[in-house]
Amino acid sequence: MKRHNFSAGPCILPKEVMLKASEAILDFDNGLSLIEISHRSKPFVDVMEKARALALELLGLEGKGYKALFLQGGASTQFLMVALNLLEKRAGYLNTGTWSDKAIQEARIYDDIYEVASSKDANFNFIPKGYDIPSDYDYFHCTSNNTIFGTQMKSFPDCDIPMVCDMSSDIFSRELDFSKFDLIYAGAQKNMGPAGTTLVVVREDILGKVSRKIPSMMDYKVHISKSSMFNTPPVFAVYTSMLTMEWLKNLGGIPAIEKENNKKAQLIYSEIDLNPLFKGYAMKEDRSKMNATFNLTNEDLKETFETMLKDEGINGLNGHRSVGGYRASMYNALPLDSVGVLVDIMSELERKA
Ligand SMILES: *Cc1c(COP(=O)(O)O)cnc(C)c1O
């Protein structure tokens, strides 16, 4: 049976990427596996350099003072690494979901954090707007896409201080002026590759301004000075991420994939809005194009709906426990056809009910 993978992360990757990645496990360099050769060997150093260059190229940040790193520890390690490297006195955080909340908690270990705005009281079903960011703070932190709640920032504030953004679940999915941001981070396992590496893109001139001593592994400057090879990098995750970025570049880069992502989002949200059996979770203006969250209006249909999903090979549609209902994650590699299959089931349910 054909499977349609709506999983929120780890999640769907392009088939051709997985084929190439699996070949490299068996034979990457004249009969040797990618995972058994030295990470200091030329074939792997070339992979790392290509991955770093592709990340900047896709984001349009080449030659603009940014460096790309592939680190370990997931986006969750960035919650504390950002604070260790940038937080001297006070930082402002926009609280739009579980992940922002966790980033705030981690940063609070080091210093004072001010929540510029929060949608926590509404269980994060919208993105707060119209808040002020004090210009004497060290940095402003936001989360571009809230994977769990299905909201997404459509615009970003003008900010006099460095802007840090967790783009784990929508990196490379839409065009933005990425030079607005001073530090972007994203765990690989949503739009880029397997779990195990985190992309960090940082403007070098914001670093080196805090007075604390930073442990080497937590110090962006150390990783930059070692070309993202301070210690053994997660070679498979970096290689697979490089393949996905190549795949995206060959498709036409972010502008091309954004068109596809818009079609997918349009398809699912119009069904959610037209079909009386379903109700969207997030406020319309803040809806995410990556993760669509919705509920059944009649819980009695739950079993029927879920059996239909299973019969058609739909995988990973259950909502996160803090929201319930359903979540259709439609990352870059998910074909429009898969959304078509899901939408057909939703309208079939309406005919049956
Ligand atoms: C998944 C996710 C994280 C956590 O990533 P890990 O790599 O598991 O630490 C952080 N932020 C956002 C927005 C996410 O979607």
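Positions are given from 1 along the sequence. Below, each value reflects all heavy atoms present in this structure, side chains not excepted, and no hydrogens, waters or symmetry copies. Counting convention: from 1, in listed order, for ligands and their atoms alike.
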- Query: Against heavy atoms of Q189, which atoms of ligand 1 measure under 4.0 Å?
  - Reply: 5 (O), 6 (P), 7 (O), 8 (O)
- Message: Show me which atoms of ligand 1 lie under 4.0 Å from any heavy atom of S169.
- Response: 15 (O)
How far is [atom] from its nearest protein heavy atom, and which residue and atom name does that atom have?
atom                    : result
atom 15 (O) of ligand 1 : T147 OG1, 2.4 Å
atom 9 (O) of ligand 1  : S76 OG, 2.6 Å
atom 5 (O) of ligand 1  : A75 CB, 3.5 Å

- Query: With ring centroids as reference points, do Y93 and Y139 lie under 6.0 angstrom apart?
  - Reply: yes
- Report, as yes or no, whether the 6.0 Å neighbourhood of atom CZ on R40 holds more than 12 heavy atoms from other residues, nucleotides or ligands. yes
- Side chain, backbone, both or neither: K102 near ligand 1, heavy atoms under 4.0 Å: neither
- Counting heavy atoms only, which part of N145 comes closer than 4.0 Å to ligand 1: side chain, backbone, both or neither? backbone
- Query: Is the backbone of R90 close enough, under 3.5 Å, to the side chain of D138 for a donor and an acceptor to pair up by distance?
  - Reply: yes
- Message: Strictly below 4.0 Å, N to O, side chains only: are E246 and K249 in salt-bridge contact?
- Response: no
- Based purely on interatomic distance, does K190 place a nitrogen or oxygen under 3.5 Å from a nitrogen or oxygen of ligand 1? yes
- Query: For the atom pair CG (L80) and CD (Q105), what is the distance rounded to the nearest 0.5 Å?
  - Reply: 12.5 Å
- Begin with the C-alpha distance, continue with both residues' side-chain angles, and end with the deciding distance and a verdict on side chain to side chain contact (heavy atoms under 4.5 Å, CB included) for Y66 and L56. CA-CA 8 Å; Y66 290 81; L56 295 181; 4.0 Å; yes
